[in-house]
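What follows is one structure encoded as structure tokens, with my remarks underneath.
Keep in mind that this is a model prediction, so the values were computed, not measured. Residue numbering restarts at 1 for every chain, and letters A, B, ... go by the order of the sequence lines.
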Protein chains: 2
Amino acid sequence: MNTKPDIDEIDLQILEHLLMDSSLSHKHIGERIPMTGQAVGARIRKLQDLGVIEGYTLRWNPDKIGLHVHAFVTVFLHSPKAHSTFQAYALEHKHIAELHRVSGEGCYWMRVRISTPAELNDILDELLRYGNYKLSLSISQVK
Amino acid sequence: MNTKPDIDEIDLQILEHLLMDSSLSHKHIGERIPMTGQAVGARIRKLQDLGVIEGYTLRWNPDKIGLHVHAFVTVFLHSPKAHSTFQAYALEHKHIAELHRVSGEGCYWMRVRISTPAELNDILDELLRYGNYKLSLSISQVK
DNA sequence: CAACAATCCTTTCAATATGAAAGTAAAACA
DNA sequence: TGTTTTACTTTCATATTGAAAGGATTGTTG
């Protein structure tokens, strides 16, 4: 038994192509390998079955629809009891785009995308119910 | 002149659908609006032209191809002169998946995806050339 | 008010991409 | 050596796509 399932170099090439542009046709990707579009399709299905590919989504610009504030928040919970309610709060909150349990600084790290500083302020107020926080604002995304 | 370009509720619905699954057919999305697939296609092209949709990509699981370490690093640069070399370093580094200039804690925030703690150690060593850092490891992604 | 233009949709149509199935070649293995 | 497995290609039927043309509605202007 290997640590990795049988994913070879060709699979990784296909993965890289799709990460760059998942709207590429199988045929187009196949020309680079080279391989027919159908063979590429079969490998992509394999990557999905293995759970390497979880789904298809967009690269997009939230700023263009008015979500001008991009914040990184480290959360320090008051008490162990706060975890479940905090997670429930974060999961249902539309503007909490990402949430991780972390070791290191604090208990959780989260990404917030929201329209205005005032709305961010509201979120921070709500966070105080669960614990404390440390805030960083993204000024520009370099990569 | 409006702050937003002409993006209406229907556009946002389409955007949400594509964020959930960008492999949905235009026709399928159209059934929920409701609208023909061709009309959905035209709106998607509009969203691309406006720069709201920047491209198509995957949701995937780096862990499955051996990238077991997911780290968030806050970087504090020594001096103003370090910025350009640091950015160049980060941009070309394969395992630095995301980089933001931030206000708040430190100068930069970055996401690192890498195979082993030992390799992370190497990156941290290299970071010391530019400044200091603070490290958090993602234990589990909640959202 | 009437004519016109603009917008946004539908319908139609031709080109293309897709997945399934069958066939083939090469490698792995008894 | 013969058999099985694997991974590809070819073929084919179906579905998706974008372009073009047509129609309805709304807004604009003389």
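Phosphate proximity of C:dC9 to B:T36: absent, as no side-chain N or O sits under 4.0 Å from OP1 or OP2.
Distance from the side chain of A:K27 is smallest for C:dA17 among the nucleotides C:dT10, C:dA17, D:dT16. Comparing D:dG18, D:dC8, C:dC9 by their nearest atom to the side chain of B:R45 picks out D:dG18. Checking D:dA7, D:dC8, C:dT18 against the side-chain heavy atoms of A:S25 singles out C:dT18 as nearest. Of the candidate nucleotides C:dT10, C:dA17, C:dG19, C:dG19 has the atom nearest to the side chain of A:H26.
With hydrogens and angles ignored, a donor-acceptor pair closer than 3.5 Å exists between the side chain of A:Q38 and the base of D:dT11.
Separating the CD1 atom of A:I7 from the P atom of D:dT6 is a distance of 17 Å, rounded to the nearest angstrom. The distance from atom CD1 of B:I44 to atom P of C:dC8 is 16 Å, rounded to the nearest whole Å. Distance A:I29 CD1 to C:dT18 P: 9 Å, rounded to the nearest Å. Taking atom CZ of residue B:R43 and atom P of nucleotide D:dT17, one finds them 17 Å apart after rounding to whole Å. Between the C1' atom of D:dA7 and the CG atom of A:L47 lies a distance of 14 Å, rounded to the nearest Å. With rounding to whole Å, B:L24 atom CG is found 15 Å from D:dA15 atom C1'. Summarising the geometry, the separation between CD1 on A:I10 and C1' on D:dT9 is reported as 14 Å, rounded to the nearest angstrom. A straight line from CG of A:D6 to P of D:dC8 spans 11 Å, rounded to a whole angstrom.
Using a 4.5 Å cut-off on side-chain heavy atoms (C-beta onward), A:S22 and A:Y56 make contact.
Of the charged side-chain nitrogens involved, none lies within less than 4.0 Å of a carboxylate oxygen, so that B:K46 and B:D8 do not count as a salt-bridged pair. Under a 4.0 Å N-O distance rule, the pair B:E98/A:R111 qualifies as a salt bridge.
Looking at A:Y108, A:Y89, A:F76 one by one, the single match for ring pair (Phe, Tyr, Trp, His ring centres under 6.0 Å) with A:Y130 turns out to be A:Y89.
To the nearest 0.5 Å, the span separating CD1 on A:I29 from CD1 on A:I44 amounts to 5.0 Å.
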